[in-house]
Number of protein chains: 2
Amino acid sequence: MQNTPPEQTPPCHCHGGFIAEHDHGPCVNHALERAATLCRERGVRLTPQRLRVLELVWRSSRPLQAYALLEELRVQQPTTAAPIVYRALDFLIQQGLVHRIESQNSYAACRHPDAVHDGQFLLCTHCGRAVELESRPVSEQVRAAAEGVGFEVSQQTLEVHGLCPRCQGGPQHG
Amino acid sequence: MQNTPPEQTPPCHCHGGFIAEHDHGPCVNHALERAATLCRERGVRLTPQRLRVLELVWRSSRPLQAYALLEELRVQQPTTAAPIVYRALDFLIQQGLVHRIESQNSYAACRHPDAVHDGQFLLCTHCGRAVELESRPVSEQVRAAAEGVGFEVSQQTLEVHGLCPRCQGGPQHG
DNA sequence: CATCGACTGTTATATTGTAACATATAACTC
DNA sequence: GAGTTATATGTTACAATATAACAGTCGATG
C-alpha cells in the first residue's frame, strides 16, 4: 500500500480505488465546491437542502439509504420528511452528482461528476464500501453488444458484487 | 409438449433477441420441463408453487413485479400472501431460473438457465420488454477491470436501458 | 411411525418511495 | 418595487415493496 505522490493528483485518493482511511474532510469540501460550480454553470440551483444531502452522501464511507439520510437530516431539523430526501436525491442524480445503487436501494456520491458517465460500481459484500469503476472500455463494449442486436442504448448500470482488496483472505472486519 | 426435445435447436426464438410475436406456449412448456430436469439433477424441489411462479414469469411478455405475480396467484388461490411469492422467487433466483431486474423491482425468466451466468438485460423504456444479453466478453471484461483494481468478483449485474428495435423511430406502441 | 428438515399458510409489520396540496422563496417583467 | 410566474419546500397521507415470526404441514429417512 504505497502512497501516491501528491503533486498533480486530485485532492485525495477518493477519486479511485479501495483505499486506506484518510482525512476525508478536504475531499468533501472540494467535491462540494466543484458541485456548486457545476450547478452554477448549468443554471440549476444547488440549494442548501440539496447541498446538505450531497455533503452527507460524500461524508459517508459507504452508500447511504434514503431513510438513513432522512435520520441525519432530522438531527438538525426533526420535522424533515421523506419527500425532502427523495427530491434532493432526484435532483442530485439528475445532475450526475449522486448515483443510485439499484441492488441496495442506496445512494453514493459520484466521484467524477464533470463528465456524464454510466454508473459502474464495485460493491464489497463484506465492508459495504462502494467504488466507482468508470471503465470507458466496458461502457463501449456494452454499447457495442447492445447495438449488435439493434438496441439503442440510453443508459446503463453495472453493479459488481464481491470482495474489495482489504476484505479478501481474512475474517477481519473492514 | 413432447417428452424429450427432438433436436438440438432451441424450440423458439425466445432464446435471444427482440422478436416478433409468436405462439409462446411451447417455449414455456419446454422451459418448465427443462427447469424440472435441472432441479431434479440438483436434488432441489421444484414444488407446484414454485413451478407456478416460474410459469407465470415465463408466460409474461415482460418482467413481472412481485405483487403482480401475487395477484395472478390469487386468481386460483385468493388467500395467497406476499411471502409465498417472495419465497418462490428466492428459490428460482438461487437456481438461476429467474433474474431480478434491480432497476425495476421486477423479475424475468432466465432464457438459458443451464449454465450459471451474470444478469445482463436490455430493457426497453418504451414497450417494457426485457431481453437477456448474456455476452460473455462483456462479463470477462468487467471481471478483468475489477480484478485490475484488486476486486474479487462474485456476481455482476448489468442493466441497459434504451429502445428495442421495434420501438425505435416511431410513436407506435409495442 | 417418529422425527427432522424443508416447505407452506398466515398475520403483522418493516422498509422504501410517491401523490397531493399548501406555503414559501427566487426570478422575471413591467 | 409590485405583480407574476416558476421553482422549491413543508406536510400529511398513503402506496408499493419486502420481511419477521411462528404455527402448521408434508416428505424423506432411519
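Reminder, nothing fancy here: chain letters follow the sequence lines and each chain counts from 1.
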In whole Å, I'd like the distance from the CG atom of Leu73(B) to the P atom of dC7(C).
17 Å
Rounded off to whole Å, could you give me the CZ-to-P distance for the Arg42(B) and dA6(C) pair?
18 Å
What is the nucleic acid contact for Thr80(B), judged by heavy atoms within less than 4.0 Å: base, sugar-phosphate only, or nothing?
nothing
Can a donor-acceptor pair be found between the side chains of Gln49(B) and Thr80(B) at a distance below 3.5 Å?
no
Please confirm whether the shortest side-chain N or O distance from Asn105(A) to OP1 or OP2 of dG17(C) is below 4.0 Å.
yes
Taking the side chain of Arg45(B) as its heavy atoms from C-beta onward, which of dT9(D), dA18(D), dC7(C) lies nearest to it?
dC7(C)
Spacing of Leu70(A) atom CG relative to dT9(D) atom P, expressed in whole Å
15 Å
Minimum heavy-atom separation for Ala109(A) to Val57(A), with atom names?
N-CG1, 3.1 Å
Send over the distance from Leu46(A) CG to dA8(D) P, rounded to a whole Å.
11 Å
Phosphate contact (dT9(D) OP1 or OP2) by Gln77(A) side-chain N/O below 4.0 Å:
no
What is the distance, rounded to the nearest whole Å, between atom CD of Gln49(B) and atom P of dT25(D)?
15 Å
Are any of the side-chain nitrogens in Glu55(A) or Arg52(A) under 4.0 Å away from the carboxylate oxygens of its partner?
yes
How close or far is atom C1' of dC7(C) from atom CG of Leu89(B), stated in whole angstroms?
15 Å
What's the CG-P distance between Leu64(B) and dT17(D), to the nearest Å?
12 Å
In this structure, how many angstroms lie between the P atom of dA24(C) and the CD1 atom of Ile84(A), rounded?
14 Å
Audit row: Glu134(A), Arg111(A), side-chain contact (heavy atoms from CB on, under 4.5 Å) steps and yes/no:
CA-CA 10 Å; Glu134(A) 212 200 14; Arg111(A) 297 303 206 237; over 6 Å; no
Using a 4.0 Å heavy-atom cut-off, does Arg87(A) contact any base of the nucleic acid, only the sugar-phosphate backbone, or nothing at all?
base
Closest nucleotide of DNA chain D for Gln104(B) versus for Thr47(A): which of these residues is on the 5' side?
Thr47(A)
Phosphate OP1/OP2 of dA8(D): any Arg50(A) side-chain N/O under 4.0 Å:
yes
dA18(D) base / Tyr67(B) side chain donor-acceptor hit below 3.5 Å:
yes
Chi angles and distances behind the side-chain contact (heavy atoms from CB on, under 4.5 Å) call for Val44(B), Cys39(B)
CA-CA 5 Å; Val44(B) 298; Cys39(B) 288; 3.7 Å; yes
For dG17(C) and Tyr107(A) - does any side-chain N or O of the residue sit under 4.0 Å from the phosphate oxygens OP1/OP2?
yes
Phosphate OP1/OP2 of dA18(D) contacted by Gln65(B) side-chain N/O (<4.0 Å)
no
dG17(C) phosphate, OP1 or OP2, under 4.0 Å from Arg100(A) side-chain N/O
yes
